[in-house]
Structure formats: structure tokens, C-alpha cells
Amino acid sequence: MPEPRKRGRKPKPKTQTQTETESESETIMPGTTKNGTVASHSLPATTTNDSRSTSPARRGRGRPKKMRKHADNSSNDNHNSANNTNSNVGHVASPERSRHGEGNDITILPPRWESVAVKAVPSMDAVVKVFCVHTEPNFSLPWQRKRQYSSSSSGFIVGGRRVLTNAHSVEHHTQVKVKKRGSDTKYLATVLSIGTECDIALLTVKDDEFWEGVSPVEFGDLPALQDAVTVVGYPIGGDTISVTSGVVSRMEILSYVHGSTELLGLQIDAAINSGNSGGPAFNDKGKCVGIAFQSLKNDDVENIGYVIPTPVIIHFIQDYEKNGAYTGFPILGVEWQKMENPDLRISMGMRPGQKGVRIRRIEPTAPESHVLKPSDIILSFDGIDIANDGTVPFRHGERIGFSYLVSQKYTGDSAVVKVLRNSEVHEFNIKLSTHKRLIPAHINGRPPSYYIIAGFVFTAVTAPYLRSEYGKDYEFDAPVKLLDKLLHAMAQSVDEQIVVVSQVLSLFHFLNSAFLVFRITASFSVFEFNSFVFQNFH
């Protein structure tokens, strides 16, 4: 009895090609096409374990993925399992594929990384670790020195077989050594120059082995706000190199703590810890845009670090190359006030279109004291107009204090200053020089000046002396009259000093008053010595 016909479309007769294909049936991952991607609405594939099977495998929509033929032995089964695993991994990573070998073998190649756009890697091999042994002077006993102590910081190699680091990293140094990344050898270094105002020091190493296989760091342009920066160095917490990243969050005239001066600086949000000092800050092109040198530590702030920008670094290097030594950053030598009050501008005779700042005081030791006068209105500096708030155009959408223009000059350079005096405009060609402080901020590595007579120990007042005698908070704890000299007084001559009696030796404590007559203040500042006006030790 004939078998009843089933409903549906009549199956087509099989061709020879289809029969051969079915005899080579392979395992197809459920819902997977030939190229390894997941096919939507795909039907589950039937796995054929024997090439001699007579029942064809059901195919899902699209072209099936071809795999190696299954073999009868267990070793080939393990190989097929490994191929299936690699196929899944390749789908996740999307690597490139190529076909070669027997039949339909698939080989997964690694991705071509050279075709991927990546950020330029900074030259970390040029970053070194600086080891320094310090011996600070003893200001209480100025003929002695304090006990030695060691510190470590960071630095980096620049052109001319030189190394840059911070000035406070090698202050009062007796020995300096540097070690390259990945090396176990410390090389003896020589300090070429120290810039106290800009907090930069220049080192060199005589050993030729130190310079082998190291490329110097290249300097980049001044970054813009929100530009990415990477700080590299050797901070505390480990012995290997450390990398922190952030962005430029602010750019303005900053107060340099070590130099007690104000220069251009960058504020970043990357972490700068102890030991990072002297390390480079790279941009996303791998070029150095600054030197890490200080950070803000406060309970109300987090991750505020400061970087010395490239204009200050280049100024320091060119100053050393030009003069053979560091000569400093010049200043204008005036104390000025803003002219934002319209009534004040009218009283000073300024016309509606004129802008500038008013001179309050002039340093007596400054060269411009011979041409400028108090109450003069500075209208421009070297042809650049100064606003009523003391700023000048910097970049697009940015303004900066006009002291930036002065700091770009070198000691001994001339500048044209336009002033308004008695409603008349005058122009003066002024020769710029460095600042002469009545109480110096540093002693530049020299031992402190002192003189002993009849048991009295006389010494010159400096900021390190105040810090040694009254602690880190000397600006609050030191005598008021000394602080007034520090913050407001101006030197009347180049060689003027503030001299104090630091102590009285016990051997002469009961004898000195009978032989010597002093006129001193409550802070023990010496004005006269045996009716001789005391100006300095010389």
C-alpha cells in the first residue's frame, strides 16, 4: 500500500555537490554564521559526528561557519576543541583572520597595533632618581653645621649631557648622585648652577657610561587649559618609577615657595608627592611641558599640584648658557596699586581711554629709581598696554599679570616704559636688574655671616635664619619688628644688612656689659656699636 503523501512543498532532488557537502558536514555553533557573528532568528544546527551519515544537517539562515573536519581519534577531537575556543576569543577581540593550510583551516592573527592610534609614550628612560646628602648651616652656632641627612627626588636628562631637577632638591648639598631607570649604579653628579628664584638646578655627570643609550627629553609648547599632562618621577611609597596623570586646570603668576618670588606656573590636578620634585611633566605627544616642584596641602583641597612651565625652564637654561652662571630673573623694582576706581583715575589726570597702574614706592637700589617717581601711572611695558588691574593680554581669552613681561627679560636687558606724569606721557628706557632684598630669602649655599666679640654673637638676618630660630611658621612667630623688615622694608643701599645679637656666650655673660655699649631694639637688632652706626659686617 503506497505511503500517503505529506503536506508541504515537494523536496527537490539532491545534486552531487550537495551530497558531497553533506558528507563533509561540520559542527556549527548555534545561531552563528560563517564569519563568527550571531545571526538573528537562526535555527539550531544539527551536529553530524560521522561523515558517512545519510541524514543531512539542518542549516540556519546565512552561510554557516566552516570548521575542521571531525576525526575519529581523540587527539583530533582535542584539536577541534581548541579551535572552537580560539574562534570564540577571536570574536570578542575582533582580530584579523587568514585562511591557509589544509581544507578550511582558520588561523587567528594578532591585531596590527601599528594601525591603531595611540598616545605618544614619553621618554621615561630619561627620568632619573636624584640622591642628595645635605648639610645645613647651624644659625644658632653659625661656625658649625647641622647633622647630615639624605633625601631623594627626581630629575630628567636634557641636551648637552645635563640633568634638570629642583633647586630645593640639592640645597646645601655635599654629595649628589643620580641613578637611571632600570640601573643599579649610582653616578656621582656635579651641580653646575642653582636658580633659587625659579627653583631649578642644573647637574652633569662626568662618567660616559651614564649617557649611553639615553635620549634627552624634548621640550614642548606651553599647554592650554584642559590639556592632558603626565607627571613622571620617584615619589615616596616605592622605589620604582611612578606615573600620574591629570589636566592643566589653571595658568597664572604663582608664588614659588622656595624662591620667595612670583613667576609663571601651571596648576594641575595630578598627584605630586614628596619625591616627585624635579620630575618632568609630559603632554600627550611625549614632550616635556614643565617640572613638578610643589603642591598645595590643605584639608579643603585635593590633588592640586604645580609645575614650572617651559618658558621659565628655557629662561634658566639660556641664562646659564649666555652668562656661564645663573644671574636671576629681573624685576621692575616698583610697588604698584590698581586703578580700577574711576574717581582715582580722574584724580590722577587720566583720560577716559587711558589705562594703567599707579606706582606707590620704588626700590632705592633699583636702576629705575632715577627716572620713575611715586604716583606715576605705568601705561605700557615694551609697547604692550597694561590694564587698570595690572594685567596684559596673554593668549586667546586669557590675561596675565604684567610682571610676566618683565620676567621674560634677562638681567641687564633694557625695556621701554611709558608713564603718565602730571597728565603728560613720558617714555623711559630702563635697564632691568634683579631684586635686592633687605632680608634675603636665601644665602645661596654660602655659610651665614657672623661676628663674635666679647661673648656677643652677631649674625645677619635672613629668611633661613628666621626659619631656623622660629620654625616653619616664622611669619607668625617671629618678632613683629623683624617681620616688618621682612615684608615691607626696602634696602637703602646695596650692602645694607639687618644684624642681630643671636646669643651671648656664657663665659662673657657677666663681663660684656662693662666694656661695650649697644643700642638695640626689643628684637635685638643692632643699630650702633660703640657709637659706630652699624650697617653691615663689612
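Keep in mind it's a predicted model, so treat the numbers as computed, not measured.
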CA sep, side-chain torsions, deciding dist, call: D208, R161, side-chain contact (heavy atoms from CB on, under 4.5 Å)
CA-CA 9 Å; D208 295 334; R161 294 167 63 98; 2.8 Å; yes
Walk me through it: do R162 and E321 pass the test salt bridge (Lys or Arg N to Asp or Glu O under 4.0 Å)?
CA-CA 12 Å; R162 294 172 295 192; E321 295 175 347; 2.9 Å; yes
Should N388 and V357 be marked as a side-chain contact (heavy atoms from CB on, under 4.5 Å) after you check the CA-CA gap, both sets of side-chain angles, and the distance that decides it?
CA-CA 6 Å; N388 291 326; V357 294; over 6 Å; no
The test is side-chain contact (heavy atoms from CB on, under 4.5 Å); show your working for L203 and V176 and say whether it passes.
CA-CA 9 Å; L203 316 177; V176 180; 4.1 Å; yes
Check the pair V334, L372 against side-chain contact (heavy atoms from CB on, under 4.5 Å), reporting the backbone distance first and the verdict last.
CA-CA 9 Å; V334 298; L372 299 180; 4.1 Å; yes
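Looking at D319 and T327, their side chains do bring a donor and an acceptor atom within 3.5 Å of each other. Using modelled atom types, one finds no donor on one side chain facing an acceptor on the other under 3.5 Å when comparing E171 with H134. If you check the side chains of Y470 and E475, you find no donor sitting under 3.5 Å from an acceptor. Side-chain polar atoms of Q337 and R360 form no donor-acceptor pair below 3.5 angstrom.
Note: I359 CD1 to I377 CD1 = 8.0 Å, rounded to the nearest 0.5 Å. Residue S407 holds its OG atom at 5.5 Å from CD1 of I253, rounded to the nearest 0.5 Å. From E136, atom CD reaches atom OG1 of T174 across 11.0 Å, with rounding to the nearest 0.5 Å. For the atom pair NZ (K177) and OG (S150), the distance works out to 10.5 Å, reported to the nearest 0.5 Å.
The shortest non-hydrogen separation linking S468 to F139 is CB-CD1, 3.7 Å. Taking all atoms of both residues into account, the shortest heavy-atom contact from P309 to L222 is CB-CD1, 3.6 Å. Looking at every heavy atom in both residues, G246 comes nearest to D269 through CA-OD1, 3.0 Å. Nearest heavy atom pair, residue F282 against residue V289, reads C-CG2, 4.3 Å. Taking each heavy atom of C132 and S169 in turn, the nearest pair found is CB-O, 3.6 Å.
For K338 and D389, the salt-bridge test fails: no basic side-chain N is under 4.0 Å from an acidic carboxylate O. Between R467 and D473, no side-chain nitrogen of the basic residue sits less than 4.0 Å from a carboxylate oxygen of the acidic one, so the salt-bridge criterion is not met. Remark: K409 engages D382 in a salt bridge, criterion side-chain N to carboxylate O under 4.0 Å.
Checked by atom type and distance alone, the side chain of S193 never pairs as donor or acceptor with a backbone atom of L202 at under 3.5 Å. Between the side chain of N323 and the main chain of Y320, no donor-acceptor pair closer than 3.5 Å is present. A donor-acceptor pair is defined here as one N or O able to donate and one able to accept, closer than 3.5 Å; such a pair exists between the side chain of D199 and the backbone of H168. When atom types are taken as modelled, the side chain of N166 and the backbone of I200 share no donor-acceptor pair closer than 3.5 angstrom. Proximity of a side-chain donor or acceptor of R145 to a complementary backbone N or O of T135 within less than 3.5 Å is detected. In this structure, H315 contributes its side chain and V312 its backbone to no donor-acceptor pair below 3.5 Å. One N or O on the side chain of T244 and one on the backbone of A271 form a donor-acceptor pair closer than 3.5 Å. Remark: the backbone N or O of K431 is not paired with any side-chain donor or acceptor of S414 at under 3.5 angstrom. Panel note: side chain R399, backbone T391; a donor-acceptor pair is recorded below 3.5 Å. Counting only distance, with no hydrogens or angles, the side chain of Y474 and the backbone of Y465 share no donor-acceptor pair below 3.5 Å.
Note on ring orientation: taking the six-membered ring where Trp is involved, the planes of F156 and F219 are perpendicular (angle over 60°, cut-offs 30° and 60°).
Annotation: K186, atom NZ; neighbour count of heavy atoms from other residues, nucleotides and ligands within 6.0 Å does not exceed 12. By the neighbour-count criterion of 12 heavy atoms within 6.0 Å, atom NZ of K180 is densely surrounded, having more than that number from other residues, nucleotides or ligands. Residue R395 places its CZ atom among more than 12 non-hydrogen atoms of other residues, nucleotides or ligands, all under 6.0 Å distant. More than 12 heavy atoms of other residues, nucleotides or ligands shown are found within 6.0 angstrom of CG on D207. The environment of E469 atom CD is dense: over 12 non-hydrogen atoms of other residues, nucleotides or ligands sit within 6.0 angstrom. A 6.0 Å sphere centred on CG of N444 holds more than 12 heavy atoms belonging to other residues, nucleotides or ligands. Heavy atoms from other residues, nucleotides or ligands lying under 6.0 Å from CD of Q226 number 12 at most.
Partners of F381 under the ring pair (Phe, Tyr, Trp, His ring centres under 6.0 Å) rule, at least two apart in sequence or in another chain, do not exist in this structure. Residues meeting the side chain to side chain donor-acceptor pair (under 3.5 Å) test with Q318, sequence neighbours left out: Y410. The ring pair (Phe, Tyr, Trp, His ring centres under 6.0 Å) search around H442 returns H258, not counting sequence neighbours. Every residue two or more places apart in sequence or in another chain that forms a ring pair (Phe, Tyr, Trp, His ring centres under 6.0 Å) with Y187 is listed here: F210. With sequence neighbours excluded, no residue satisfies side chain to side chain donor-acceptor pair (under 3.5 Å) with E340.
Each of H426, R351, R358, M350 was evaluated against L420; a single residue qualifies, M350, per the side chain to side chain contact (heavy atoms under 4.5 Å, CB included) test.
For residues 382-402, the pairs satisfying ring pair (Phe, Tyr, Trp, His ring centres under 6.0 Å) are W336-F402, F394-Y404, with sequence neighbours left out.
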